[in-house]
Enquirer: 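I have a structure I would like to understand better, so I am pasting it below and will then ask my questions one at a time.
Keep in mind that what you see is a predicted model, and the values were worked out from it rather than measured. Protein chains get the first letters and strands the later ones, always in sequence-line order, with residue 1 at the start of each. Every heavy atom of this structure was used, including side-chain atoms; hydrogens, water molecules and symmetry mates were not.
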Amino acid sequence: MGPIQIKQILAEAAVGSNVTVKGWVRTKRESKNAIFIAINDGSTIHNIQAVAEPGQIAEDTLKLITTGSCLKVTGALVASQGSGQAVEVKIADVHVYGTADPDAYPLQPKKHSLEFLREIAHLRPRTNTFSAILRLRHALAFAVHKYYNDNGFFYLHTPIITASDAEGAGEMFRVTTLDMYNPPKNDEGKIDFKQDFFGRETNLTVSGQLEGELGAMALSKIYTFGPTFRAENSNTTRHLAEFWMIEPEMAFFELEDNMNLAEDFVKYVISYALENCAADLDFLQKRLEEEEKQKPQNERSMPLIEKLRFVVDNAFERVTYTEAIDILLKSKPHKEKKFQYDVAWGIDLQSEHERFLVEKHFKKPVILINYPRAIKAFYMKQNAPNPAEPGPTVRAMDVLFPGIGEIIGGSQREEDHDKLVARMHEVGIEPEAIWWYLETRKFGTAPHAGFGLGFERLVLFVTGMGNIRDVIPFPRTPQSAEF
RNA sequence: UCUCGAGUAGCUCAGUCGGUUAGAGCAUCUGACUGUUAAUCAGAGGGUCGCUGGUUCGAGCCCAGCCUCGAGAGCCA
């Protein structure tokens, strides 16, 4: 359907056949005997080279063919006389769809910083790096759907606009149609949300999990994959105000099953990228190698593709929170007081602790389970008391990745109604506010489990990029929503 | 939100102890050369030194406030 793309031409078109190429000019080089135009249409990282003889293209047309301009080129596909490519298009006809004034077009045929490209996010998909990232992002998203579909899961569409903040997962964005400058007030002088669109306060979702559990209690295995919003003032390379989250939720799964699924799933999507995005990964790997050259020898990391293969080929390390604390207490940085935050059973592990476990101690992805109850969400299933553990724990599970930190957070859910309600009272959540959620425990409750995976963190890992703002087309971060 | 760092040409940066006319590479334009590969060579154009105020005979440089960007931390996915 539609015109043939450069990817197809390079892979399939016969030498001698007539082809039409539509795309954007990356570079133009003129010489005495030939004019070379490198054209890219985003279908692949590779450009196609179009060649014309001097004088063949009218002088005023040739002037319009500059970096960034858009062309249609027709001609015969021929074996290339040069060494950089196998085939090229011998130009018979050129049409300029759109020009790009070289003085004004910001993408020059030279290296640009990622910071600069963020300022021109509307144009950065036209660079090699970002087109490669966007193709990988697509492939990973497709692999997510394929994995769950092939494994008997149903894609459940949970709401974007919600009235609940049961999880307390973070600050929320308010959704309202009330007049901000003159909101209606009730008898108490407070804003009268009864007059708002939904007749109550609403926000953008921070998680589809609670609704996901409703789906799992009917369809057994569901997943969500949609946008999620956090109004936290987070300014890091790992946080976005708008990001995409994948949340499978499964009836009749216990923590062990949940871990198995998480590991199998992550390995599958990474394998899919390795098999289907070889050229893009190769490009990103070379790009990273250039960057690594700036670093001292001992700080350099494994080449990208080797790193991905390593994750796919090796079992994730599974350790309990209690064992992890023990490892940290015996660790060199703890003994030498190198950790900024103190280690003791009951603490929420800090970035430095997670990094030590993943990058120094185990040197592979780690699944941490059975966290102290006090530092985890109310809906996590409570473990029976264990004499080896100083306090009560819950069946939580965090998957930690090198360089990324927490990529997955999940748990087996508390299916006992009374325990769940008791826990809600302890942490100050009004059960009445999510009566519908609690009814899953009243009517045909079942053991179940699930997790959330931050899609951009996965893309970050697979592309080897360093900043999450560079793996989503139009990042939303504090003070930034231009495009 | 906190800590640290940065802001000088379209981009990436240099700019000595505060001193006279603000520099380089790349990009752009012009010319030369060449089946070229982000070509090469030569020349040219291109600046409100983030903003506001202050110190000083004199500020890109020192001081204060603000803005923006980046790195790390917290929160988390």
Enquirer: Can you see if the side chain of Q350(A) gets near the phosphate of G74(B) - specifically, an N or O under 4.0 Å from OP1 or OP2?
Expert: yes
Enquirer: With no angle test and no hydrogens, is the base of C75(B) tied to the side chain of S234(A) by a donor-acceptor pair under 3.5 Å?
Expert: yes
Enquirer: May I have the distance from K28(A) (atom NZ) to U34(B) (atom P), rounded to whole angstrom?
Expert: 19 Å
Enquirer: What distance do H239(A) atom NE2 and N467(A) atom CG have between them, rounded to the nearest 0.5 Å?
Expert: 12.0 Å
Enquirer: Rounding to an integer number of angstrom, what distance separates A77(B) and A39(B) when you compare their P atoms?
Expert: 46 Å
Enquirer: Side chain of S113(A) only, heavy atoms from C-beta on: which candidate in A73(B), A38(B), U12(B) is closest?
Expert: U12(B)
Enquirer: Do any side-chain nitrogens or oxygens of R26(A) fall under 4.0 Å of OP1 or OP2 in U36(B)?
Expert: no
Enquirer: Does the base of U1(B) carry an N or O that pairs as donor and acceptor with the side chain of N235(A) under 3.5 Å?
Expert: yes
Enquirer: With distance as the sole criterion, do the side chain of E115(A) and the base of U12(B) form a donor-acceptor contact below 3.5 Å?
Expert: no
Enquirer: Checking base pairs now: Watson-Crick or wobble, both atom distances under 3.5 Å. What partners A32(B)?
Expert: U40(B)
Enquirer: Using a cut-off of strictly less than 4.0 Å, decide whether T237(A) has a side-chain nitrogen or oxygen near OP1 or OP2 of G72(B).
Expert: yes
Enquirer: CD1 of I375(A) versus C1' of C76(B): gap in Å, rounded?
Expert: 13 Å
Enquirer: Under a 3.5 Å cut-off for both contacts, is A14(B) paired Watson-Crick or G-U wobble with anything, and if yes, with which nucleotide?
Expert: none
Enquirer: With E254(A), which of R395(A), K381(A), R413(A) fulfils salt bridge (charged side-chain N to carboxylate O under 4.0 Å, His left out)?
Expert: R395(A)
Enquirer: Are A77(B) and F243(A) stacked, with the base six-membered ring and the side-chain ring centres under 5.5 Å apart and planes under 30°?
Expert: yes
Enquirer: Of T67(A) and I468(A), whose nearest nucleotide on RNA chain B comes first from the 5' end?
Expert: T67(A)
Enquirer: Picking from U36(B), A77(B), U30(B), which would you name as closest to the side chain of R29(A)?
Expert: U36(B)
Enquirer: Any donor-acceptor pair under 3.5 Å between the side chain of K110(A) and the base of C11(B)?
Expert: yes
Enquirer: Considering only the C1' atoms, how many Å lie between U21(B) and G25(B), rounded to the nearest integer?
Expert: 22 Å
Enquirer: So F229(A), base contact, sugar-phosphate only, or nothing? Heavy-atom distance under 4.0 Å.
Expert: nothing
Enquirer: If A27(B) has a Watson-Crick or G-U wobble mate with both distances under 3.5 Å, name it; if not, just say none.
Expert: none
Enquirer: Reckon R287(A) has a side-chain N or O less than 4.0 Å from the OP1 or OP2 of A38(B)?
Expert: no
Enquirer: Before giving the answer on side chain to side chain donor-acceptor pair (under 3.5 Å), spell out for R29(A) and S31(A) the whole-Å C-alpha distance, their side-chain angles and the decisive distance to 0.1 Å.
Expert: CA-CA 7 Å; R29(A) 290 176 292 274; S31(A) 72; over 6 Å; no
Enquirer: Between the base of C76(B) and the side chain of R457(A), is there a donor and acceptor pair under 3.5 angstrom?
Expert: yes
Enquirer: What is the nucleic acid contact for S83(A), judged by heavy atoms within less than 4.0 Å: base, sugar-phosphate only, or nothing?
Expert: base
Enquirer: Could you tell me whether the phosphate oxygens of U36(B), OP1 or OP2, come under 4.0 Å of any side-chain nitrogen or oxygen in Q49(A)?
Expert: no
Enquirer: Does any nucleotide pair with A71(B) by Watson-Crick or G-U wobble geometry, both distances under 3.5 Å, and what is it?
Expert: U3(B)
Enquirer: Going by purine N1 to pyrimidine N3 plus the second Watson-Crick contact, or the G-U wobble pair, all under 3.5 Å, which nucleotide sits opposite G58(B)?
Expert: none
Enquirer: Nearest whole Å is fine: how far is A39(B) P from I35(A) CD1?
Expert: 15 Å
Enquirer: Any side-chain N or O of R469(A) less than 4.0 Å from the OP1 or OP2 oxygen of G70(B)?
Expert: yes
Enquirer: P atom, C63(B) versus A59(B): distance in rounded Å?
Expert: 16 Å
Enquirer: With a non-hydrogen cut-off below 4.0 angstrom, is N33(A) in contact with a base, only sugar-phosphate, or nothing?
Expert: sugar-phosphate
Enquirer: To the nearest Å, give me how far apart CD (E119(A)) and C1' (G50(B)) are.
Expert: 12 Å
Enquirer: For R355(A) and for P478(A), find the nucleotide of RNA chain B with the closest heavy atom, then tell me which residue's nucleotide is more 5'.
Expert: P478(A)
Enquirer: Would M172(A) and F229(A) count as a side-chain contact (heavy atoms from CB on, under 4.5 Å) here? Give the steps.
Expert: CA-CA 7 Å; M172(A) 305 177 92; F229(A) 308 87; over 6 Å; no
Enquirer: Which whole number of Å gives the distance between the P atom of U52(B) and that of C61(B)?
Expert: 13 Å
Enquirer: From the set A38(B), G74(B), U28(B), return the single nucleotide nearest to any side-chain atom of D103(A).
Expert: U28(B)
Enquirer: Under 6.0 Å between the ring centres of F265(A) and Y148(A)?
Expert: yes
Enquirer: Compare all side-chain heavy atoms of R118(A) with those of R124(A) and state whether any distance is below 4.5 angstrom.
Expert: yes
Enquirer: Suppose we call two aromatic rings close when their centres sit under 6.0 Å apart. Are H145(A) and F225(A) close by that rule?
Expert: yes
Enquirer: Please report the distance, rounded to the nearest Å, between NZ in K32(A) and P in U40(B).
Expert: 19 Å
Enquirer: Do F362(A) and F316(A) have ring centres separated by under 6.0 Å?
Expert: no
Enquirer: Rounding to a whole Å, what distance do you find between H46(A):NE2 and A38(B):P?
Expert: 13 Å
Enquirer: With rounding to whole Å, what would you report as the distance between G23(B) and U48(B) at their P atoms?
Expert: 15 Å
Enquirer: Closest to the F116(A) side chain: G70(B), A39(B), C11(B)?
Expert: C11(B)
Enquirer: Let me know the distance between CG of D348(A) and P of C75(B), rounded to the nearest Å.
Expert: 6 Å
Enquirer: Give, for atom CG of N149(A) and atom NZ of K146(A), the distance between the pair rounded to the nearest 0.5 Å.
Expert: 7.5 Å
Enquirer: Which value, in whole Å, describes the distance between the C1' atoms of nucleotides G47(B) and U28(B)?
Expert: 16 Å
Enquirer: What about the rings of F243(A) and F455(A), do their centers lie closer together than 6.0 Å?
Expert: no
Enquirer: Among A77(B), A38(B), G70(B), find the nucleotide with the atom closest to the side chain of N467(A).
Expert: G70(B)
Enquirer: Looking only at side-chain N and O atoms, does R238(A) come under 4.0 Å of OP1 or OP2 in C75(B)?
Expert: no
Enquirer: Using the P atom on both, measure C49(B) against U20(B) and round to a whole Å.
Expert: 16 Å
Enquirer: Would you kindly check whether a donor in the side chain of E352(A) faces an acceptor in the base of G72(B), or vice versa, at under 3.5 angstrom?
Expert: no
Enquirer: Looking at A73(B), I'd like to know if its phosphate oxygens (OP1 or OP2) sit under 4.0 Å from a side-chain N or O belonging to T236(A).
Expert: no
Enquirer: Taking CD from E30(A) and C1' from U30(B), how many angstroms apart are they, rounded to a whole number?
Expert: 13 Å
Enquirer: Do H112(A) and C11(B) share a donor-acceptor pair, side chain to base, under 3.5 Å?
Expert: no
Enquirer: Does any donor-acceptor pair link the side chain of Q108(A) with the base of G10(B) at a separation under 3.5 Å?
Expert: yes
Enquirer: Does A9(B) have a Watson-Crick or wobble partner in any strand here, with both distances under 3.5 angstrom, and which is it?
Expert: none
Enquirer: With C1' as the reference atom in both, quote the distance from U12(B) to A6(B) in angstrom, rounded to an integer.
Expert: 14 Å
Enquirer: For A64(B), what is the paired nucleotide under Watson-Crick or G-U wobble rules, both distances under 3.5 Å?
Expert: U52(B)
